[in-house]
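Computed from a predicted model, the values in this text were never measured in an experiment.
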Amino acid sequence: MNITLSNYINIYRINKSIELMQSDKSLTEIAQLVGFKDSQHYSKLFMTIIGRNTLQLPEVLYQRLLLRTILFLFYLFDKKTRYRKRTPH
């Protein structure tokens, strides 16, 4: 895989910014924290790498967390149900 050092650094910075999006910081603060001086450049690069704009990602993260929680609850319910079926009353 051929990737330039510049591209690698940008991908790393964008991934770090995604982690920071779960905090209460603004997008401008996040862009600055990961090394971007211009938040517009950060937003364009984010869209190029991630495929969504910065305003859509927190919603996607929330939906993913909600889905994981629901799936985990179904798993627990199913596990409990299976256990009850195996034990004699």
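- A single hydrophobic cluster is seen to contain both M21 and L45, as judged by linkage of ILVMFWY side chains at heavy-atom distances under 4.5 Å, directly or through other members.
- Here the straight-line distance linking atom CD1 of I49 with atom CD1 of I14 works out to 5.0 Å at 0.5 Å rounding.
- Contacts of S23 classified as side-chain hydrogen bond (donor to acceptor under 3.5 Å, both in side chains), with partners at least two apart in sequence or in another chain: none.
- Annotation: side-chain hydrogen bond (donor to acceptor under 3.5 Å, both in side chains) contacts of N7 (sequence neighbours excluded): T4.
- Considering only heavy atoms from C-beta on, T54 stays 4.5 Å or farther from M47 through its side chain.
- Under the salt bridge (Lys or Arg N to Asp or Glu O under 4.0 Å) criterion, the residue pairs touching residues 10-28 are K16-E19, with sequence neighbours excluded.
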Show every donor-acceptor pair shorter than 3.5 Å between a side-chain atom in residues 31-43 and any protein atom, with sequence neighbours excluded, or say none if there are none.
| from | atom 1 | to | atom 2 | distance (Å) |
| --- | --- | --- | --- | --- |
| D38 | OD1 | Q40 | N | 3.1 |
| Y42 | OH | S17 | OG | 2.9 |
| S43 | OG | S39 | O | 3.1 |

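- In this structure, N10 CG and S6 OG are separated by 5.0 Å, a value rounded to the nearest 0.5 Å.
- Sorted pairs that involve residues 39-49 and meet salt bridge (Lys or Arg N to Asp or Glu O under 4.0 Å), not counting sequence neighbours, are lacking altogether.
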